[in-house]
Amino acid sequence: MAGVNADPASLRKLRADIDRTQKEIKQAIARTRGSLRNAQWKDSMKDQFERELESTLRTLDAFDRNADQLKSHLDRKARELDQYLGR
C-alpha cells in the first residue's frame, strides 16, 4: 500500500450501519407481508397489488442477500488496514 486512505474504525461503523439497516429491512418486510395477509381485502385488485408489492419486496430481499458480502468486505478491509497500521 502506498498510503492509507481509509480509517478502520469508520469502516467498522459503516459495517454496523449496514447490519442495522439489514435487520430493519427484514423486520419491515415481515411486517408488511403480515399486514397484507391480515388485510380485509378480497377483490381482483388485491391480487395485482400483491404481485406488485412482492416484486418490490424481492428487491429489498436482494439488498439483504448482498449485505452479508458487503459486511465481509468491510471486515476484511478493516483488518488489513489494522495490520498495515500496526494495530
Look up atom CZ in Arg37 and atom OG1 in Thr32, then write down how far apart they are to the nearest 0.5 Å.
-> 10.5 Å
What distance do Thr59 atom OG1 and Ile29 atom CD1 have between them, rounded to the nearest 0.5 Å?
-> 9.5 Å
In Å, rounded to the nearest 0.5 Å, how long is the span from CD of Gln22 to CZ of Arg65?
-> 11.5 Å
Is there a side-chain contact between Asp82 and Arg12, using heavy atoms and a 4.5 Å cut-off?
-> yes
Could you go through the side-chain contact (heavy atoms from CB on, under 4.5 Å) check for Leu53 and Arg33 one step at a time?
-> CA-CA 9 Å; Leu53 179 61; Arg33 284 183 172 139; over 6 Å; no
Euclidean distance, Leu57 CG relative to Glu54 CD, rounded to 0.5 Å = 5.0 Å
N/O donor to acceptor pairs below 3.5 angstrom from side-chain atoms of residues 13-21, sequence neighbours left out:
| residue | atom | partner | partner atom | Å |
| --- | --- | --- | --- | --- |
| Lys13 | NZ | Asp17 | OD2 | 2.9 |
| Arg15 | NE | Asp75 | OD1 | 3.0 |
| Arg15 | NE | Asp75 | OD2 | 3.1 |
| Asp17 | OD1 | Arg20 | NH2 | 2.2 |
| Asp19 | OD1 | Lys71 | NZ | 2.7 |
| Asp19 | OD2 | Lys23 | NZ | 3.2 |
| Thr21 | OG1 | Asp17 | O | 2.9 |

So how far is it from Gln48 CD to Ser44 OG, rounded to the nearest 0.5 Å?
-> 8.0 Å
For the pair Ser55 (side chain) and Arg51 (backbone), establish whether a donor and an acceptor sit closer than 3.5 Å, ignoring hydrogens and angles.
-> no
For the atom pair CZ (Arg79) and CG (Leu11), what is the distance rounded to the nearest 0.5 Å?
-> 12.0 Å
Identify, with sequence neighbours excluded, every residue that meets ring pair (Phe, Tyr, Trp, His ring centres under 6.0 Å) alongside Phe49.
-> Trp41
Shortest non-hydrogen pair, Ala6 vs Pro8, comes out as O-CD, 3.8 Å
